[in-house]
Visitor: 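This is the structure, below, for whatever I ask next.
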Amino acid sequence: SGVAILPTSLPQLHRANMLSSGLLQNSNIHPLVSKKSKTKWHFGIRSRSYPLDVMGEIYIALKNLGAEWAKPSEEDLWTIRVRWKYSGSNQIANNEANNSQNQNNEKIPDLLKIVIQLFQIETNNYLVDFKFDGWEDSSGAPVTPSDITSDEISAFSAYPFLHLTTRLIMELAVNS
Amino acid sequence: LATSSIKHNTLCVASIVRYKRKYVTQILYAPL
Amino acid sequence: SSVDVEQELALNAIRQVLKSKTSYDVLPVSFRLIVLDTSLLVKKALNVLLQNSIVSAPLWDATTSRFAGLLTSDDFINVIQYCFSNPDKFDLVEKLQLNRLRDIERAIGAKPLETTSIHPSSSLYEACTVMLRSKSRRVPLIDKDEETHREIVVSVLTQYRLLKFIALNCRETHFLKKPISELNIISNSTVRSCSMTTPVIDVIQLLSEGNISSVPIVNENGVLVNVYEAVDVLGLIKGGIYNDLSLSVGEALMRRSDDFEGVYTCTENEKLSTLLDTIRKSSVHRFFVVNESGQLVGVLSLGDLLRYILVGS
């Protein structure tokens with residue numbers, strides 16, 4: 001095959017040629033770093049604060065962001081069931097119709113639910129976990145998936161959930 | 001929810017979602 | 001001849017595959033999709049692209065909870081041209097957010113990037129057709145969340161991914177044995193080239209005006225020595241040296257990172273079967289056609305290859 005890689009296009013050779021040919025006026029041009037630090041992922045967010053302080057900070061952040069939550073049960077103080085009016089849905093409603101229904105007359109639920117739970121990993125090391133917990137409609141109407149085949153049951157957009165968790169993490173970061 | 005440490009004032013969060021029979025790790029970068 | 005007949009039969013078989021498979025089929029079983037919130041600064045978005053070794057990403061507008069188009073190298077080219085024509089606004093770029101890129105596009109009179117998308121269950125043939133019409137050479141796959149009817153960016157298909165799928169899944173590609181010189185698909189008369197000392201801003205203008213994604217660099221004898229690609233602009237902005245526009249294109253290429261694979265060349269006698277096999281094995285951006293002396297004859301883009309497979313010469 002006549003397919004080949006042009007030798008003079010390889011970065012190292014190009015730089016050598018530029019230096020030897022005297023064409024280089026601007027000598028402080030350095031190559032982009034090719035070793036990219038791999039993104040290190042964690043579950044949720046870590047904390048070494050006192051557990052009750054962590055919960056207090058989360059409740060304050062949720063309040064500042066206008067979220068609401070169910071009163072925690074005595075036996076489970078470390079779980080918060082949050083409901084959040086998602087502004088994006090109003091916007092969609094305005095875009096597509098006035099009464100938050102789109103052309104196919106489908107309800108666009110606007111209350112995103114999240115479960116926030118505090119776990120102890122080891123002594124003085126805690127993890128705040130965020131889980132998506134479905135949608136509700138502020139009018140109280142049940143959110144029923146439209147009649148779709150079982151194959152498509154999982155066409156699910158995580159972006160509203162991801163967006164609201166970034167808002168909460170920002171609020172916690174700013175407050176702390 | 002998966003998170004990565006804040007760099008350059010940018011937040012990065014992700015969650016793994018099943019789309020039909022495949023798995024998408026949806027990663028969102030947002031400003032802090 | 002038998003080669004002609006085999007070529008035609010192979011193309012028809014490949015087209016059948018493209019009509020019978022969906023864009024969803026091209027998706028790996030498990031993959032990641034990086035999405036940028038439109039309130040992110042352009043500079044930060046650039047860091048994200050470079051850090052993840054990607055050159056494009058879908059945008060998400062949290063205020064409308066909708067997909068807001070794609071960030072591509074065209075946007076960065078627009079920013080550089082805007083700085084060039086508004087030197088006093090140079091610091092604006094430092095604070096520019098992704099949701100202002102359309103204003104920059106309008107300010108320099110650039111053709112807007114259309115955000116045609118398709119549903120993941122549509123055929124690959126339709127994806128190819130949409131992609132060949134799109135300026136961004138890629139097509140987002142958008143579905144709707146079945147509970148909230150919000151848009152989901154499932155993935156973004158590129159010309160390279162499609163050609164690689166064909167090379168991996170269609171055995172008929174082995175029968176594409178006609179030399180490319182006989183297929184009337186090489187762009188040779190319209191190829192714009194430059195020399196190593198051409199100012200990089202002139203090359204960027206060529207990329208933008210010609211709606212092309214690379215400019216070959218030839219020496220005084222017309223021999224191909226390197227290529228400046230649209231994606232190289234990301235390195236220029238990252239280094240903040242786009243304001244030094246006396247920079248030559250040879251100097252600008254000093255920014256390329258060492259993991260750049262190099263420019264692929266071939267001769268006019270090359271067969272599509274070999275080119276597709278190369279695409280199967282390496283991340284090729286395009287093929288430059290050269291003669292025995294290494295002189296530039298023309299260019300064969302991935303779009304040219306895809307168009308030929310779809311509709312012939």
Side-chain angles (χ1 to χ4, degrees), chain A residues 1-12 14-15 17-18 21 23-27 29-37 39 86-89 91-92 94-96 102 104 106-110 112 134-135 143-146 148 152-160 162-164 166-167, chain C residues 35 37 50-53 60-66 121 143-154 196-197 224-227 234-235 238-239 241 244 246-248 250-267 269-271 274-275 277-278 287-288 290 294:
Chain A
S1 139
V3 175
I5 290 181
L6 185 66
T8 50
S9 69
L10 295 170
Q12 301 85 345
H14 172 71
R15 285 198 284 274
N17 290 340
M18 285 297 287
S21 62
L23 288 176
L24 200 54
Q25 313 294 331
N26 183 332
S27 58
I29 301 178
H30 306 291
L32 277 170
V33 172
S34 50
K35 291 282 157 284
K36 274 116 194 154
S37 57
T39 307
Y86 187 66
S87 60
S89 53
Q91 193 72 35
I92 290 185
N94 299 339
N95 289 351
E96 292 179 350
N102 58 14
N104 319 335
E106 287 158 331
K107 205 86 185 107
I108 296 180
D110 53 354
L112 191 147
W135 290 89
V143 178
T144 49
S146 48
I148 48 175
E152 285 133 18
I153 198 62
S154 61
F156 158 72
S157 172
Y159 295 108
L162 293 176
H163 170 64
L164 288 183
T166 55
R167 298 278 311 282
Chain C
V35 177
D37 185 302
L50 293 172
Q51 186 193 327
N52 289 282
S53 305
W60 179 262
D61 183 341
T63 56
T64 61
S65 188
R66 299 186 91 118
S121 57
D143 194 352
K144 281 214 167 180
D145 181 307
E146 87 275 2
E147 266 194 303
T148 66
H149 317 296
R150 283 187 178 82
E151 289 179 334
I152 310 173
V153 187
V154 175
M196 206 55 95
T197 55
L224 181 68
V225 288
N226 211 322
V227 175
L234 276 66
K238 172 70 180 162
I241 45 182
D244 171 7
S246 62
L247 210 62
S248 73
E251 289 172 320
L253 282 177
M254 302 278 280
R255 286 290 288 161
R256 251 183 199 155
S257 76
D258 286 341
D259 54 10
F260 176 72
E261 285 205 23
V263 170
Y264 281 83
T265 64
C266 69
T267 66
N269 306 318
E270 209 48 72
K271 308 176 185 75
T274 318
L275 299 185
D277 196 46
T278 307
F287 291 96
F288 283 90
V290 295

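If you're wondering where the values come from, they're calculated on a predicted model, not measured in any experiment. Here is how names work: the chains are called A, B, and so on, in the same order as the sequence lines, proteins then strands, and each is numbered from 1.
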Visitor: How many angstroms lie between atom CZ of C:Arg255 and atom CZ of A:Arg15, to the nearest 0.5 angstrom?
Guide: 10.5 Å

Visitor: If you count heavy-atom pairs within less than 4.5 Å of chain A, which of C:Asp277, C:Leu50, C:Asp37 leads?
Guide: C:Leu50

Visitor: Counting only heavy atoms closer than 4.5 Å, note whether C:Val227 contacts chain A via side chain, backbone, both or neither.
Guide: neither

Visitor: How long is the span from the OH atom in A:Tyr86 to the CZ atom in C:Arg150, to the nearest 0.5 Å?
Guide: 6.0 Å

Visitor: Hey, mind stepping through C:Val35 and A:Tyr159 against side chain to side chain contact (heavy atoms under 4.5 Å, CB included) and telling me if it holds?
Guide: CA-CA 9 Å; C:Val35 177; A:Tyr159 295 108; 3.0 Å; yes

Visitor: Counting only non-hydrogen atoms closer than 4.5 Å, does C:Phe287 touch chain A with its backbone (N, CA, C, O), its side chain (CB onward), both, or neither?
Guide: side chain

Visitor: For chain C, find which of A:Leu10, A:Leu6, A:Leu162, A:Thr8 contributes the most heavy-atom pairs closer than 4.5 angstrom.
Guide: A:Leu6

Visitor: With a 4.5 Å heavy-atom cut-off, do C:Arg256 and A:His14 have their side chains touching?
Guide: no

Visitor: Taking only residues two or more places apart in sequence or in another chain, which ones pass side chain to side chain contact (heavy atoms under 4.5 Å, CB included) with A:Ser21?
Guide: A:Leu23

Visitor: Heavy atoms only, distances under 4.5 angstrom: which of A:Pro31, A:Pro160, A:Gly134 has the most pairs with chain C? Name it, please.
Guide: A:Pro31

Visitor: Under a 4.5 Å cutoff for heavy-atom pairs, which residue among A:Ala158, A:Ser157, A:Pro7 has the most contacts with chain C?
Guide: A:Ser157

Visitor: Could you measure the distance from the CG atom of C:Asn226 to the CG atom of A:Asn17? Nearest 0.5 Å is fine.
Guide: 9.0 Å

Visitor: Could you tell me which residues satisfy side chain to side chain contact (heavy atoms under 4.5 Å, CB included) with C:Thr274, sequence neighbours excluded, listed by chain and number?
Guide: A:Ser1, A:Val3, C:Glu270, C:Lys271

Visitor: Considering only heavy atoms, which portion of C:Leu234 lies under 4.5 Å from any heavy atom of chain A: side chain, backbone, both, or neither?
Guide: neither

Visitor: Please state whether the side chain, the backbone, both or neither of C:Thr197 comes within less than 4.5 Å of a heavy atom of chain A.
Guide: side chain

Visitor: Taking all non-hydrogen atoms of both residues into account, name the closest pair between C:Met196 and A:Met18 and its distance.
Guide: CG-SD, 3.9 Å

Visitor: Is the shortest heavy-atom distance from the side chain of C:Thr148 to the side chain of A:Leu112 under 4.5 Å?
Guide: no

Visitor: Looking at C:Leu253, C:Leu275, C:Asn269, which makes the most heavy-atom pairs under 4.5 Å with chain A?
Guide: C:Leu253

